[in-house]
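Reviewing the structure listed below.
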Amino acid sequence: YPEYLLFNKNTFFDFYYLMGISFVITDLIWLLFFYDAQSDFYLMLLHHTLTISLIIFSFLFNLSQVGVIVFYLHDLTDIFVYICRLSLNLTIPTKFKIIPALLLFVVWIYARIYLYGKYLYNVFLLFTVVDPNNIHGKILLSYASILFLMNIFWLIQILRRLISLKFVDVGKVQKNK
């Protein structure tokens with residue numbers, strides 16, 4: 001297995017980890033109480049719940065070196081998610097909305113599908129071949145695998161919206177009835 005999975009933590013490691021969970025919890029609070037309900041509300045609720053569980057679990061069982069890589073890959077793509085959301089909500093021509101959406105699509109494939117998939121495989125090797133009796137590692141792997149499946153689902157959603165070019169509809173909030 002690659003050495004990067006278990007590295008020595010630097011001084012700011014725990015700070016980054018705790019800031020990350022603070023952001024996810026804050027976003028969950030906004031999702032529940034402030035944002036208008038969207039069509040993917042329950043999926044986002046599952047995503048936030050799963051992410052918080054993954055962060056807490058990895059921190060409590062000293063597997064945060066594994067979890068921080070998940071954080072980093074998701075933080076990297078979140079930048080493009082917010083840029084894309086911003087462009088979709090602006091009153092600009094559709095051709096200017098395509099550029100951030102294409103960037104999001106490319107970065108999503110690279111970071112959340114390719115790199116995260118490769119990383120997930122290495123975690124699988126670590127906890128099934130190198131340390132097969134580590135039940136905590138296997139639980140962490142199951143959480144991370146579900147998150148990977150959600151990333152594939154969202155990639156399909158991004159692709160569907162790119163193909164249909166319905167950027168005006170994508171930015172609008174759909175109220176649940």
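Below, each value reflects all heavy atoms present in this structure, side chains not excepted, and no hydrogens, waters or symmetry copies.
A distance of 8.0 Å separates CZ of Phe34 from CD1 of Ile29, quoted to the nearest 0.5 Å. Taken from CD1 in Ile21 to OG1 in Thr26, the straight-line distance is 10.5 Å, to the nearest 0.5 Å. Taken to the nearest 0.5 Å, the SG atom of Cys84 stands 9.5 Å off from the CG atom of Asn89. One distance of note links CG of Leu115 with CD1 of Ile113; it measures 10.5 Å at 0.5 Å rounding. One finds the CD1 atom of Ile158 at 11.0 Å from the CG atom of Leu102 (value rounded to the nearest 0.5 Å). Atom-to-atom distance recorded for Leu88:CG and Ile83:CD1 is 12.0 Å, nearest 0.5 angstrom.
Residues satisfying the side-chain hydrogen bond (donor to acceptor under 3.5 Å, both in side chains) test with Asp78, not counting sequence neighbours, are Arg112. Scored by the side chain to side chain contact (heavy atoms under 4.5 Å, CB included) test, Thr51 finds Val24, His47, Ile55, Leu147 as partners (sequence neighbours excluded).
Summarising the geometry of Asn10 relative to Phe12, their closest heavy-atom pair is OD1-N, 3.0 Å, with the distance given to 0.1 Å. Closest non-hydrogen pair, Gly67 versus Tyr119, comes out as N-OH, 4.0 Å. Heavy-atom minimum distance, Ala144 versus Leu54: N-CD1, 4.2 Å. Nearest heavy-atom pair across Leu162 and Ala101 is CD2-CB, 3.7 Å.
Linking Ile, Leu, Val, Met, Phe, Trp and Tyr residues whenever their side-chain heavy atoms come within less than 4.5 Å leaves Val106 and Leu76 in two separate clusters. Residues Leu90 and Ile98 fall into different hydrophobic clusters, defined by Ile, Leu, Val, Met, Phe, Trp and Tyr side chains chained together at heavy-atom separations under 4.5 Å. Linking Ile, Leu, Val, Met, Phe, Trp and Tyr whenever their side-chain heavy atoms come within less than 4.5 Å puts Ile163 and Phe153 in one cluster. Criterion: ILVMFWY side-chain heavy atoms under 4.5 Å apart, direct or through other members. Under it, Met19 and Leu28 are not part of a common hydrophobic cluster. At a threshold of 4.5 Å between side-chain heavy atoms, the hydrophobic network of Ile, Leu, Val, Met, Phe, Trp and Tyr places Leu86 and Phe105 in two separate groups.
Looking only at side-chain heavy atoms (C-beta outward), Met150 and Trp154 come within less than 4.5 Å of each other. Phe148 is listed as a side-chain neighbour of Ile152, based on a closest heavy-atom distance under 4.5 Å. When side chains are defined from C-beta on, Val81 counts as touching Trp108, because their heavy atoms get closer than 4.5 Å. Using a 4.5 Å heavy-atom cutoff, the side chains of His48 and Leu32 are not in contact. Proximity of Leu155 to Leu159: side-chain heavy atoms (C-beta onward) are nowhere separated by under 4.5 Å. In this structure, the side chains of Leu149 and Ser145 stay at 4.5 Å or more apart for every pair of heavy atoms. Counting only heavy atoms from C-beta outward, the side chains of Ile52 and Ile25 approach each other to under 4.5 Å. The side-chain heavy atoms of Asp40 and Gln157, taken from C-beta on, include no pair separated by under 4.5 Å.
For residues 61-97, the pairs satisfying ring pair (Phe, Tyr, Trp, His ring centres under 6.0 Å) are Tyr16-Phe71, Tyr17-Phe71, Phe57-Phe61, Phe61-His136, His74-Tyr116, with sequence neighbours left out.
Shown here is Tyr110, whose OH atom has no more than 12 heavy atoms of other residues, nucleotides or ligands within 6.0 Å.
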Decide yes or no on side-chain contact (heavy atoms from CB on, under 4.5 Å) for Phe124 and Leu120, but give the supporting numbers first.
CA-CA 6 Å; Phe124 170 77; Leu120 203 56; over 6 Å; no
